[in-house]
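Worksheet: one structure, shown below.
A, B, ... follow the sequence lines: proteins, then strands. Residue 1 opens every chain. All values below were derived from every heavy atom in this structure, side-chain atoms included, with hydrogens, water molecules and symmetry-related copies excluded.
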Protein chains: 2
Amino acid sequence: MNELDDFLALKDQFIPQLSVDCVIFGFHNQQLKVLLLKLKNLDVWALPGGYVEQNEGIDEAAQRILEERTGLKDIYLEQFRVFGSADRSTKEFIQKIMEVHHPEAMNEPWVLQRYVSIGYYALVDFSKVNPMPDFLSESCEWFEMKQLPKLAFDHSEITRKALETLQLMLDYKLVGFNLLADTFTMIELQSLYETILETPLRRNNFQRKMLSMNILERVEKLYTGAANKAPYLYRFKNKVVRRTNFQ
Amino acid sequence: MNELDDFLALKDQFIPQLSVDCVIFGFHNQQLKVLLLKLKNLDVWALPGGYVEQNEGIDEAAQRILEERTGLKDIYLEQFRVFGSADRSTKEFIQKIMEVHHPEAMNEPWVLQRYVSIGYYALVDFSKVNPMPDFLSESCEWFEMKQLPKLAFDHSEITRKALETLQLMLDYKLVGFNLLADTFTMIELQSLYETILETPLRRNNFQRKMLSMNILERVEKLYTGAANKAPYLYRFKNKVVRRTNFQ
DNA sequence: TTAATATTGTCCCACATTGAGATAATAATA
DNA sequence: TATTATTATCTCAATGTGGGACAATATTAA
């Protein structure tokens, strides 16, 4: 077996021309973050992604990829859109990647074929994540959603659509809690909403709305040492993880 | 070239193991309808579907399939979910279909592989559709959504999820008009909403809401000969067709 | 010990939206 | 001309929302 044979054997384990890309959101320092990979020897970043094994469901594939990059199990995960326009992956770019990683496969006719990619977005507790690069990449880092670096293929579009879907679903499904630690103050929750929705909210009305839904459990107070009234901590009553069965 | 070669040549034109399934909704006699195909020599119905050509975008593939089954161009179309669980297509069923259509290919190892299918839903003007079966099927008919026959694979689930998405999007995107003729009465529109949402609505409040959105243009009255006040006809001001770029 | 300060938690009120019954308008028929 | 069956509006109470005001409280300063 030479290297090409290895590569071809590996390839046959997966569904051809189909990939999964994950937009992993975190929240830290009042900012919405996205986890990205820096591709080896290329001046470009990409979303964590991978292929679907022949005997694996697409949701399980996404969950596996997420676990590999973050070290977390049972992540909140949602399929949001498929990206499959005819011109989504420029052949020049694939060629560059292949040259770096599998030069021996450059003559295979299928190497430059277009991929169709299923987009997932994931919401994680930033503080629990341990970013890990994959075999294609040299580093794995959080970026502020507002200041993303140059991304490969149509990954900028995928990220933008992921945010749009999250904005749309935030009120409808109450998924924001997956971005916070187990307990949080009302101000933290409000700041999360303001950041995602990109709009300021009124403190009094936000609190009224959240409390009226009867989904929060008030825990103890949080004494920070600041010279003011200590805020209560809250816990989400029925934290939902890994809801992939929506729509 | 023998038949198997023909079949294999055809196969290579498409992205392998990827398909598109379309839930085509129509509205007729106060009922929500779905267009289905009866598979040749099998006692089972299926959603109109097909494969994605190597040089074709996924939305274009769906649009092409829709046009082939309905004779309509520029149909309102929306991607809503990918179906790709590991066990979604039972091998027994695929085997039956292959026996009927391509017995010569039964020994090919890839024949029984699982497909991943992209679900689209389409909204069409029932009266304009000319149902046409494809080469796999012997007939193409409308069924009432509430009384679907036995469907192949997970097509029942796909249809159900399509309706759930439509219910969710009906108010948000005002897509219902694509199911009606160019002009319609307020009662027809209300009946459409009631049928899709599966809930009764109040005539006065429904009319108030629709008119307040300023999206309807009042045209002439409709004199049916009935012994009562004639209803106005309305036209949707900015009819949206083929909106595939949402989310 | 008390006052000042910076927040947090509630309350209140005007205004908009919604639910639900009542009433007016009108096309055909008796 | 009255009757009937709808359609189109109107009205009013109930509910929800935007936005300002005020009370409660953890710490620091006096």
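Protein atom CZ of B:F206 is 13 Å distant from nucleotide atom P of C:dG19, rounded to whole Å. Summarising the geometry, the separation between CZ on B:R203 and P on C:dT23 is reported as 15 Å, rounded to the nearest angstrom. Computed from coordinates, the A:Q190 CD to C:dG9 P distance equals 11 Å when rounded to whole Å. Atom NZ in A:K229 sits about 9 Å away from atom C1' in C:dT7, given to the nearest Å. If you measure from atom CG of B:N205 to atom C1' of C:dA16, you get 15 Å, rounded to the nearest angstrom. One atom, OH of B:Y223, and another, P of C:dA28, lie 7 Å apart when rounded to the nearest Å. A straight line from CE of B:M213 to P of C:dT17 spans 13 Å, rounded to a whole angstrom. The CG-P distance, from B:L211 to D:dT7, rounds to 14 Å in whole Å.
For C:dG21, the base has a donor-acceptor partner in the side chain of B:N204 [N/O atoms by modelled type, under 3.5 angstrom]. No hydrogens or angles were tested; on distance alone, a donor-acceptor pair under 3.5 Å links the side chain of A:R208 to the base of D:dG18.
At the phosphate of C:dT10, OP1 or OP2 sits under 4.0 Å from a side-chain N or O atom of A:Q207. Listed pair A:R202 / D:dG20 meets the phosphate criterion, a side-chain N or O lying under 4.0 Å from OP1 or OP2.
Between C:dA28, D:dT9, D:dT28, one nucleotide has an atom nearer to the side chain of B:A227 than all others, and that is C:dA28.
Checked against the 6.0 Å centroid criterion, the rings of A:F206 and A:Y193 qualify as a close aromatic pair. Aromatic pair B:F177/B:F184: ring centres closer than 6.0 Å.
Taking OG of B:S19 as the reference point, atom CG of B:D21 lies at 5.0 Å (rounded to 0.5 Å).
For B:K38, the NZ atom is densely surrounded, since the number of other residues' heavy atoms within 6.0 Å is greater than 12.
Among the protein residues, A:K221 comes within range of the sugar-phosphate backbone only, with heavy atoms under 4.0 Å from sugar or phosphate atoms but none that close to a base.
A salt bridge does not link A:E141 with A:K33: none of the charged nitrogens is closer than 4.0 Å to a carboxylate oxygen.
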